[in-house]
Amino acid sequence: MEPREYENAFFTRQGFRRRACKKCGEAFWAQGEREVCSETPCTPYSFQGNSPFRRSFDLSSFREFYLSFFEKHGHTRLRRYPVVPRWRNDVMFVQASIYDFQPWVTSGAIPPPANPLTISQPCMRFTDIENVGVTGRHLTMFEMMAHHAFNSAEKEVYWKDRCIELCHELVTSELGAAPEEVSYKEEAWEGGGNLGPSVSVGLRGLEIATLVFMQYIRDGEQLKPMPLRVVDTGYGLERFTHMSQGTPTIYEAVFPGILHDLPSEFTLPEAAVLCDHAKNFLFLFTDGIVPSNVREGYLARLLLRRILRTLDKHPGALTLPRLMETVVRHVSKDFPELAGDPKGLAEVLRVEEERFAEALTRGRAQVRRLEERVRKEGRAPNVDDLVMIYDSLGVTPDVAVEELSTKVEVPQDFFARVTELHTRTPTQGWGGYGADSAEAKVPEPPTSVPATVVHYHRDPYTHQFTGRVLWRSGPWVILDQTYFYPTGGGQITDRGELSGVPVEEVVRHGPWVMHKLTTPEAPLPEVGATSEGRIDAPRRRQLMQHHTATHLLNGALRQTLGPHIWQAGAYKGTEGARLDITHWQALTPEEIREVERLVNRVVREDRPVKSYFETRSKAEERFGFGLYQGGAVPGKELRIVEVENFDVEACGGTHCTRTAEVGFVKVLGTERIQDGMVRLHFAAGERALEVLQEHEAILAEASQKLAAPVADIPKAVDRLLERLKEGHKEAKAASKADVKELAQRLSSSPASSHALAGGKLQVVAAKVELDREGLQALAREVTSRPGGIALLAGEDERGAILFFASSDPKQMPARDLLAVALEAWGGKGGGNPSAATGSGPKGPKVQSALDAALARARELSGSAPP
RNA sequence: GGGCGUGUAGAUCAGCGGAAGAUCGCUGCUUUCGCAAAGCAGAGGCCGUGGGUUCAAAUCCCACCACGUCCA
């Protein structure tokens, strides 16, 4: 960034001068004669016990102080957004206040909810998790206070000078810091393909805020100006609070109430982990994260497990539920929603604690076994083993060392070694959202084509209409208006016809709804002429029923299982629909029945389903962020779908206008698609009836085949299985008896039985009609007698098989006998002294192989041939 | 989303190319007034699923499924 990027009217007016820090050499702006910047290490930490501010704040009072300051200066105050950004798929958590407005607002797609605005946004940053409590200032969760302004050609709100002026006024005249102590350090900022100048605000060795001016789009080496210039600021609420109190660490300032209420065993480094992680988990849980072994859920689980390990350091002093109760009591004063699901919270904690205990017991046992295995290899367990133990068993090195009988030093860089094992995947850019595969194939219409007017929201029942053709490219057609619903929000496309030509797919692309004809070359009215549209009505009706049923089911699940239920995904097709929800264990049959009863009761009550547009901020104000069940919806206005007194969601789909139209809802099955997530398959309306009819037909068929009434099918199957098992047993016993008898016959027949070594050995050599398994059973029978030697030949589809076994492997090794036979025969094989097997071609040579083996046996026993 | 680990008797696991094992539990018998215990005998296995390699696969290779775990 060029130095002139930092020049502004405020700096000039107030006599700020640009200079290089005498210590770090970096450029900063300040008043007075400062020679070094005000950040660590150039300026040491110097506010503990000596705050630069006039008064002392806690989190609550500073937040209020900040927000009302900016309100006073023309900003609109916004409520916090969820810490889980369901409106984008490139990040798991909100990590800065600007995330709330990306990508739709920052890209200019929709206007900001207010402009300028101010907010205090809870943010998650898990990178510092190891440092919590250790450094005295790290947290995994903090609130980023911010004031944002979005400047466009139409509306200039404010830019660098006013932004810095507001910041400076807040820190100096409002809070009381000496103006010459504050430094504004230059820092080029870049992220997500955008960049611009930025200053970090330093005071007494602490960076307390960052002011970013997003201004350019990177296009290779070139910088292009952004159409929307964004003032993006971030003020650390916890840091300001810390500074205002001047406490030794940030934790005393941020968690005074919780720290006070903890048992005295837990002092600072450990207590900080408890406070920070519990508070963080509470936000995650409230905003819809359920512990799991992947993605966001894994981090929620990690927090809980770190808490449990910390609690274990003082056994009996404090339990997880008690800790969480304390944290809820304190934190919910400012965020009442955190106390909204005490039952669910208690249940998830119980399940997680149980799972952790199990994992630990299993892990410890496996560590002991691993040590034994390693010992057999003739070495002692080493650090690599510990890394492996942690990585794949989840047993931390300190626990593993307890289990091992030999001492292993855990190196400082242990966790770095673990990280090294995992190859880094490149972080995803901004291209991810909104670009589904269907859209990628769509041709780009010229921008002169007017946006499509859509009617399916207002009127989902009209199936015939006329529209003027505005544009066409191959199979793709844009009309001035349409009733066709394009694929979106988990609801699949409408089908139908345009002027008699079948329409196979409809997609939304930017401002247009594009209809795809099945035949690209089909004749259609000229551009400018009108075309008759006809929508496949039964299909649309089924999709509407499935979509409304999804909302009913979602509402019923939340009512039955608790407010932690969030929609994690959904699909509405014609054959059926599915809904994925966040939940920590599989649904029980009784829970499913209860949900079904509730859903169908709401259907019978024939409640109105209202859909209407509402401004985003008003809707959020009225219904909260639970609106975003289906992910974020673009637009200044949200389309609200409201099932009276039951469920409210922001949704762009086509819906029944009364619940009775859904007809009937049946859950067809559930599965745990991953830890912390349950999928429900269901059907509604006509399709539900069809499915039940299919099931009935299947039952009827089963009933007929079993010759039992439907009600007796389970009993009939039980009997059948019992009989099958008995039959199996009998067959096994019979074949065992057969083999026994065969062995008896062979060994008493002079043609196949040969006494050697003066009768101490009995060789049974014979060709039988048995496969490999049969030969083995027979050989076992022969060798179970003292001195028994089996030289058996049999066959399967692929050829002849030899199976030799010996009860006296020392004198009469089966492998050696087989070797002789193979030589005479030309087959392949091998084995050990007590058993050997070979295979080769069928034919007379098999007999000579047996003869050769028998001759060899005679030699070995010292018996002369007859 | 990616890496690693684990799937063998009801349970916990061993075996890791040559004829499926141990411990606990279960059943029966002996002993006892009865219980516990001991002794003896026995039942119980598609060695996760599907391919492949091999004379021979629980064992080696590939794919999939399930569970666990770590990292983004």
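Labels below follow one simple rule: chain letters A, B, ... track the order of the sequence lines, proteins then strands, and each chain is numbered from 1.
Across B:A9 and B:A38, the matching C1' atoms stand 25 Å from one another, rounded to whole Å. For the C1' atom pair drawn from B:A56 and B:U69, the interatomic distance equals 36 Å after rounding to whole Å. Taking atom P on both nucleotides, B:U27 is separated from B:A43 by 16 Å, rounded to a whole Å. Taking the C1' atoms as reference points, B:G68 lies 40 Å from B:G28, given to the whole Å. Distance noted for atom P between B:U49 and B:A11: 15 Å (whole Å). The same atom, P, is picked in B:G17 and in B:C60; the two are 6 Å apart, to the nearest Å. Comparing B:A14 with B:U32, their C1' atoms are spaced 37 Å from each other, to the whole Å. Annotation: B:C16 and B:A58 have their C1' atoms spaced 8 Å apart (nearest Å).
The distance between atom CZ of A:Arg364 and atom P of B:U69, rounded to the nearest whole Å, is 15 Å. One can place CE of A:Met388 at 17 Å from P of B:G3, the figure rounded to the nearest angstrom. The distance from atom CD of A:Glu352 to atom P of B:G68 is 10 Å, rounded to the nearest whole Å. Protein atom CG of A:Leu360 is 11 Å distant from nucleotide atom P of B:U69, rounded to whole Å. The interatomic distance linking A:Lys828 (NZ) with B:U54 (C1') rounds to 8 Å, in whole Å. The distance from atom CH2 of A:Trp825 to atom P of B:C55 is 12 Å, rounded to the nearest whole Å. In this structure, CD1 of A:Ile389 is placed 15 Å from C1' of B:U6, rounded to the nearest angstrom. Put simply, CD on A:Glu773 is 14 Å from P on B:C46, counting in whole angstrom units.
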Seminar exercise, completed: Dot-bracket for RNA chain B, 5' to 3', Watson-Crick and G-U pairs with both distances under 3.5 Å, [ ] for crossing pairs, | for partner on another strand, reads (((((((..((((....[..)))).(((((.......))))).....(((((..]....)))))))))))).
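Side chains of A:Ser405 and A:Glu371: a donor on one and an acceptor on the other come within 3.5 Å. Counting only N and O atoms by type, the side chains of A:Asp851 and A:Gln847 include a donor and acceptor under 3.5 Å apart. Side-chain contact, A:His277 with A:Arg306: a donor N or O sits under 3.5 Å from an acceptor N or O. Side-chain contact annotation: A:Gln762 with A:Ser753, donor-acceptor N/O pair under 3.5 Å present. A side-chain donor-acceptor contact under 3.5 Å links A:Ser834 and A:Asn832.
Between A:Thr140 and A:Met124 the shortest side-chain heavy-atom distance does not fall below 4.5 Å.
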For this session: Output, in order, the C-alpha distance, side-chain angles, deciding distance and verdict of side chain to side chain contact (heavy atoms under 4.5 Å, CB included) for A:Leu274 and A:Ile307.
Result: CA-CA 6 Å; A:Leu274 298 183; A:Ile307 291 173; 3.9 Å; yes
For this session: Please assess A:Met324 against A:Leu304 for the test side chain to side chain contact (heavy atoms under 4.5 Å, CB included), listing each intermediate value before the final yes or no.
Result: CA-CA 10 Å; A:Met324 206 58 87; A:Leu304 286 184; 4.2 Å; yes
In a table with atom names and distances, give each donor-acceptor pair under 3.5 Å that connects a side chain of residues 91-99 of chain A to protein atoms at least two apart or in another chain.
| unit_1 | atom_1 | unit_2 | atom_2 | d |
| --- | --- | --- | --- | --- |
| A:Ser97 | OG | A:His148 | NE2 | 2.9 |

N/O donor to acceptor pairs below 3.5 angstrom from side-chain atoms of residues 813-824 of chain A, sequence neighbours left out:
| unit_1 | atom_1 | unit_2 | atom_2 | d |
| --- | --- | --- | --- | --- |
| A:Arg815 | NH1 | A:Gly831 | O | 3.1 |

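An OP1 or OP2 oxygen of B:U69 is reached within less than 4.0 angstrom by a side-chain nitrogen or oxygen of A:Arg301.
Using a 4.0 Å heavy-atom criterion, one finds that A:Arg355 contacts no nucleic acid atom at all.
Using bins of under 30°, 30° to 60° and over 60° for the plane-to-plane angle, the ring pair A:His564/A:Phe285 lands in the parallel bin.
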Seminar exercise, completed: Going 5' to 3' through nucleotides 13-21 of chain B and flagging B where a protein heavy-atom sits under 4.0 Å of the base, S where only the sugar-phosphate is that close, and - otherwise, we get SSS--BBS-
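Comparing atom distances between the A:Asn293 side chain and each of B:G68, B:G3, B:C55 picks out B:G68 as nearest. Comparing B:C55, B:G68, B:C70 against the side chain of A:Tyr390 picks out B:C70 as the nearest. For A:Val418, the side-chain atoms get nearest to B:C70 when compared with the rest of B:A72, B:C70, B:G5.
Side-chain to base pairing of A:Asp391 with B:G3: one donor and one acceptor N or O lie within less than 3.5 Å of each other.
We find the CD1-OG distance between A:Ile789 and A:Ser806 to be 3.5 Å, quoted to the nearest 0.5 Å.
Applying a 4.0 Å cut-off to non-hydrogen atoms, the residues of residues 392-400 of chain A that approach RNA chain B are A:Ser392, A:Leu393, A:Gly394, listed by residue number.
The ring-ring contact (aromatic ring centres under 6.0 Å, His included) search around A:Phe356 returns none, not counting sequence neighbours.
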